[in-house]
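If you're wondering where the values come from, they're calculated on a predicted model, not measured in any experiment.
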Amino acid sequence: MADASLPIGSLDLTPEALAEGTFREYLHGWVTTVDHKRLGILYVLYALFFLVVGGAEAMIIRVQLMYPDNHFVSPEVYNRMFTMHGTTMVFLMGMPLLFGFANYLVPLMIGARDMAFPRLNALSFWLTAFGGILLYYSFIGGFGLYGQGSAPDVGWFEYAPLTTRTYSQGHAVDFWALSLFVTGWGTLGAAINIITTTISMRCKGMTMMRIPLFCWLLLCTSALTLVAITPLTAAQVMLELDRYLGAHFFDTQAGGSALIWAHFFWIFGHPEVYILVLPAFGVANEIIPVFSRKPAFGYTAMVAASVGIVFISLGVWAHHMFTVGMTSAANAFFTLSTMIIAVPTGIKVFNWIATMWGGKLRFATPMLFAATFVVHFLLSGLTGIMLSASPWDWQLHNSYFVIAHFHYVLVGAIVFSMLAGIYYWFPKVTGRLMDEKLGKWHFWLFLIGFHLTFDFLHVPGILGMPRWVYTYEASRGWASWNMIASVGGFIQFLASGIFVWNLLYSGLHGAEAGPDPWDAWTLEWATSSPPPEYNFAVEPVVASRRPLWDLKHPSDTDTQYE
Amino acid sequence: MSTQEQLAPSRSEGAHGGTGVVHGDPVQTHAPAHTDSIHLPRPTAYPIIAALGFTLLVAGILTHYVISILGVCLLAYGCVGWFREVLPHEMHENITVRVQEISIASARKSVGRLPGGAESGGQRAHVGVGAFSPLVGLKGGVAGGIAMIFPALAYGLIAQHSIWYPVNLLGGAGVSGMTGFGNPTMQDLRAFHMATLGFATIIHVISCTLIGLLYGSILPLMPKHPIILGGIIAPLAWTGILFAALPTINPEMSAHISWPDFLLAQFVFGITAGWVVSRSSYYRTAKSLPFAMRLGFEGGGVGREDGEDHR
Amino acid sequence: MLHWMLKRSTFALRSARRLPVAAVLVGSLLFAASAWAENKPSPIPNMFAPVSTPAEQEFTMSMFVLGITLGILVVVGGSWAYVVAKYRSTDSSDVEPPQIYGSPQVELAWTIVPVVIVVVLFLTTARMIFSIQDHPRPKNALDITVVGHQFWWEYRYPQYGVVVANEMHVPMSTPGQVRPTFMKLQSADVWHSFWVPQLAGKVDNIPDHINDMWIDPHVPGVYVGQCGQFCGVEHAMMLIRVYVDTPDQFQRWITNQQQPGVEQPGAGQNTPQQVIRQQGGVVPTALELPANRSGAGSGASAGGGDQTGAGSAGQPMNQVVAGKQVFLQNACINCHAVQGTNANGRFGPNLTHFGSRDTLGSGIVVNNVDNLKAWIRNPSDLKEGALMPPMQLDETQLEQVSLYLTSLK
Amino acid sequence: MAIPVVAQHLEEPGHLPNKGKVGMICLIIGESAIFSIFVLAYLFYIGKSQWGPQPKEVLEVPILNTVCLLSSSLTIWLSERAIEHNLLMTFTAWLGVTIALGSIFLVGTGWEWYKLIYHDGLALQTNLFGTTFYSLVGLHASHVIIGLIMLITLWLFAMTGHVSGKNSERIQTLALYWHFVDAVWVVVFAVVYVIGR
Ligand code: HEA
Ligand code: HEA
Ligand code: CUA
Ligand SMILES: [Cu+2]
């Protein structure tokens, strides 16, 4: 079987068109492309760009908080920094990154030639891109035309009535609402596309219970996106009606309600965090089995758990609002619904551990990131449980403990998992392997930096440090913790630098990867690296969850056991 | 060759909305030289134009209406162009397929097995599938739940002269606030309350089912002494935990509970449930397997008679 | 409890060699819990050092949850560490490990166990919620209406007809003499949140919604906290100081506050500590007063407040009277109220007994003549974005008005 | 040697759902969420207006409008059926009727708004009722407009002979959208004119 050969792909690294074209044509090719792979790459590059931007903002935050009574930036600038940091990381980094992965991988994994709606796909990307540019334009344009205000500065959840005309003159709030309105449509388009692709574009034999778990999780994420992004869009429309046409939705002086904004935001906001984390699960679900040399443990349970998370997560939003004075029964209800999420997520964590159990773990860089993802997620989930116990949350709410909790998920789990994904699929995308040595440096530095920052940020939270403070007093006893956290931040910065270097260097000089460098099992590895425009010369037909396993072990296929 | 059957080439029936239709003859599996061309959607600038238009339309609100007007124009242009891109026929380009053989093979040729799989239901890997049934646990839970009612009620009747006493304690457990049962008097505890009866029943049913299911799945993992483990050790353990935690969970209940009698009821539950579970056939099968395999983490391979797969 | 947790954590340390994560996190939490857990007034608003029933219950809650989650961490994190250590393999032989797809019974087990844990957690939490939130209000409770304003706090004592700003006084509540304080939380503008960790968890001040909260502090002293919801530029400087007085100290304080503001000659040189003693308040023990922020001109150093502005000692009364004129003839009265004069603005803090406060600008600096001058000269020097405009007074006016205000005991 | 499942036993790709319809259903789910938020806001603010006209005083139940819009769902279904059987004339006719009914609805709404604004002095800024009313009904009306534009385009194509039975899947997708717009009206109607009055 050594030369089991398939005509399902082709190795065609330099299409003539590209090789001969001028730079202008090359650029033209990228802006007019409707190819899901190119759009996926664009998404990821865009997201990485904003990771740098949002990271730079985080560094400014960390420098400012390094010492008590620091004056590195003014309070106004600080407020812009954390607002833009949060907004950027969630909307311009997190979501595009996951849609980038989805775009590139879902069609390949299900054996399709493209997304269901290739042109909509392009539209979605460009809406996201232009929306992000519009948001950042506020740094210059927000000030220039109307005097007051610049970049948005009232926190990423823009609580009313601080966002009404009375308290936020200028256009900062409008920039936030309108540019995210634009990206919102892009996101919706991408979600529709992914769902339709997974449902309607599967190759022969690819039943729903055979698609890779990654596709399942992206299906879940996209479904959640459909019902979660749209409430935000609606709320933004209301906010703009208030601000431009004098409506009173959130205008407390005319009987409007500040609380209802909070509800609307978190009806979006909580599912949003699962939108971000589910693809991270998906990436782990691909990488952990391959590097453990075992199939994912409990596929069906994983699918059920993901679907369960989607539904439960729609009913827990008010755990961000335990302190707004809901009735005790409501507090109890949201405590319960929040804690229940631990059950399906627990299934996932256990299944990952069980997948590794008894395997042959090979710790290449992708696996390093994926394996630590599991612990980080475990820990952050447990701090989440602490927050969901509402009496304790009355203390912890809006403190640095919350900051630590969600960075543990957002950085420790999501960024780690996405980095794992980048290391894992980079050879597929570029045809070249990423440098292992640099990768290990990146991993260890980032790990150390991450733990220095976010482990220690739990403590000032317990010591009563609220978030959104541009400075604090020395006597509060928060200084040393913040110092440690800042140092950790700089280490993360350094590590990210190595990563960027690794990307550039390996993209140009990395070792040839070949179609299947990791000895993996899903369809994307059955075509050349990088895949041709049409993905598969012949439409693949599959008979199990691991088509490439079947090929590699023809005498011992999965088909008999599923 | 199985390979070819499995990834057999096929002709697309246009199910992909014209985005990826394979033209030409059925592809020959062994013919790497085939030079088909594939239709892919043609690159187009209209999406980016429409996106820019929409963004400018919105940006105009923030800056100057002229920009909005420009945006609307671009948007309309983009939409019309897009429309003509797909109607009446989708524009596409032909990509010539340049086939190169890709060999998919692994250096890892053989697959390790653990022995003794045949008994685990004949599966290579789904440990317990077919043999294990949650129903057993359910049965155990129900049996245990019914059995433990008797000592509990007996305790109420004998020690407190009211069968409602234990019911009220249990029913008041999570719900002291909801049932208005804060700081109950002895009178209260002995009287009949509909609400606590309801809550007690719910709590009892749910917890017995859950623990029963747990027994059903865990006892076969430790099959040596089911009655000692399920009947004695487990109830002891959770009673201990409850004893420590109850003052926090529900101080009222912990103040009124009589622990020896409580423990007795738990033993009755544990022994009954453990006994029911240990009679199941799956339990008996599992006995002969090593622990890690019982857990389902490891092994449980099909012991295929011939050595063919162990190349 | 702590001891037990400590034992668990060292266990975690040993078993999970590759779990620096767990070790560090657990270690620092424990450190935070034990190192500062002194249940008395502290400049560190540590939620693990509660002195009032709600905070104590929340602390119990937190220990309970922490215990359970630590247990989960040890078990799950431990197995992760075990797997990662045990099954890492550099073996490049051509054998794949046995392929396992799943196992219904373990999967069932690890679905049910979390369900059971969640039920336990929920029941406990629910009881705590009800017992804190629905606590009945005893008849003799003190009522305070807490109004959040952009960057300062207003406290109204409806039972006494008193309005003060930024420094809240409440009586202590002992088993012998139970007198909890019940607060109604409101906001005059945007969303704020009242949070003094040692006394109780936070409750939000929302413009369209009145909230309740209660405390019954057992230990006298000053407790600090700060606004817990982003409310604008100076959210960071919206500090809270709660003075827990013994019952008779409280009585004396409130009686004094009920008087109209009367300037007291020569009082300008008093240190804050003296002031408090005169008022029958408690001297902050473990509490340092806030340091001067840079940006303020010269002034008192941290914690002392014992230097006063040059030449303020023994000021003749006429400076104070002149200051009163300055105050009344400027726009000050549009925003500030001094009971007993025709200043009755509501936009800014009530200044009737301004001289009796330890701090100014909602707790950001010590209240002394120098800082006050700096404040009135340009509030944004001390608190960038404060909603009080620079009043363009000349130096003599500044001196006079500052002397006047500090004399309002 | 084990022979894996052969291709005949596998599901045929033809069984996969039509992607246009799947996409449209997704869009509808998303849009429903938008509408739910506006409906929630409407319900939340019922009776909370502090001044200005109240719903009881100024709102009239738009029976004609409702009848028109709801029956247009029927007519578009008839035209769907016609095109499936390749009956172009019938198709065009029913489509025309649908468009006409939709337009009547729009004109009716316009008339209602005109009356409210100039007669009763209720604008978006007036009070919470105005705010929520115009935004909810306006949101729906904007969907009607978009639907009408698409239907009219389709009708023009049909008139110029560019439509045939082969397009019926796409037409059904479009019709799905129109059905959705109608269904939303039922909700809006219930909330605004029944519960809210
Ligand atoms: C992707 C991101 C992500 C994820 C996955 C989560 C997951 C969870 N989060 Fe988190 N959260 C955020 C991102 C995320 N969160 C953000 C961004 C905020 C702040 C927003 C802001 O204010 O700006 C926030 C805030 C936040 C709050 C509000 C805090 C406050 O402001 O007061 C709460 C409260 O309940 C909470 C809880 C939880 C819970 C219970 C989970 C659960 O899903 C965790 C479940 C996982 C586990 C529990 C671990 C694995 C399970 C087991 C091993 C089984 C056994 C365990 C048990 C039986 C307990 N989160
Ligand atoms: C996915 C989301 C995400 C990510 C990844 C991060 C990453 C980080 N975050 Fe952020 N954060 C949020 C989401 C996220 N954050 C959100 C939602 C908020 C709430 C906002 C609000 O309240 O409104 C918040 C708030 C927040 C605060 C609280 C601010 C406040 O309330 O006052 C802090 C403070 O320390 C912080 C720090 C950090 C740090 C140090 C990182 C680091 O991990 C960042 C590390 C990354 C880099 C350092 C990348 C930089 C890389 C380069 C620069 C490349 C270098 C290139 C070359 C050298 C060539 N974040
Ligand atoms: Cu008030 Cu923050
Ligand atoms: Cu949440």
Item to check | Shortest non-hydrogen contact between C:W191 and A:A262, atoms and distance | outcome: CH2-CB, 3.8 Å
Next on the checklist: Can you tell me how the ring of C:W110 sits relative to the ring of A:F297, calling it parallel under 30°, perpendicular over 60° and tilted otherwise?
Outcome noted: tilted
Next on the checklist: For A:Y472 and C:Q226, which I'm curious about, is there any donor-acceptor pair between the side chains at under 3.5 Å?
Outcome noted: no
Checklist outcome for this item: Between A:M326 and C:Q133 the two heavy atoms that sit nearest each other are O-NE2, 2.6 Å
Next on the checklist: Please verify the inter-ring angle class for A:F82 with C:F230; under 30° counts as parallel, over 60° as perpendicular, anything in between as tilted.
Outcome noted: perpendicular
Item to check | Candidate pair A:Q395 and C:W195, rule side-chain contact (heavy atoms from CB on, under 4.5 Å), full reasoning | outcome: CA-CA 8 Å; A:Q395 291 281 17; C:W195 187 29; 2.9 Å; yes
Checklist entry - So which of A:G464, A:S328, A:A389 has the largest heavy-atom pair count under 4.5 angstrom toward chain C? => result A:S328
Checklist entry - Is it the side chain or the backbone of A:L336 that comes within 4.5 Å of chain C heavy atoms, both, or neither? => result both
Item to check | A:A160 versus chain C, the contacting section by heavy-atom distance below 4.5 Å | outcome: backbone
Checklist entry - Given a strict heavy-atom distance threshold of 4.5 Å, which part of A:S292 is in contact with chain C: side chain, backbone, both, or neither? => result backbone
Checklist entry - Which bit of A:W478 comes within less than 4.5 Å of chain C, counting heavy atoms only: side chain, backbone, both or neither? => result side chain
Checklist entry - Under a 4.5 Å heavy-atom cut-off, does chain C meet the side chain of A:T338, its backbone, both or neither? => result neither
Checklist outcome for this item: With sequence neighbours left out, the residues meeting salt bridge (Lys or Arg N to Asp or Glu O under 4.0 Å) with C:D208 are none
Checklist outcome for this item: Residues passing the ring-ring contact (aromatic ring centres under 6.0 Å, His included) test with A:W394, sequence neighbours excluded, are none
Next on the checklist: For chain C, which candidate among A:H397, A:R467, A:M367 shows the most heavy-atom pairs at distances under 4.5 Å?
Outcome noted: A:H397
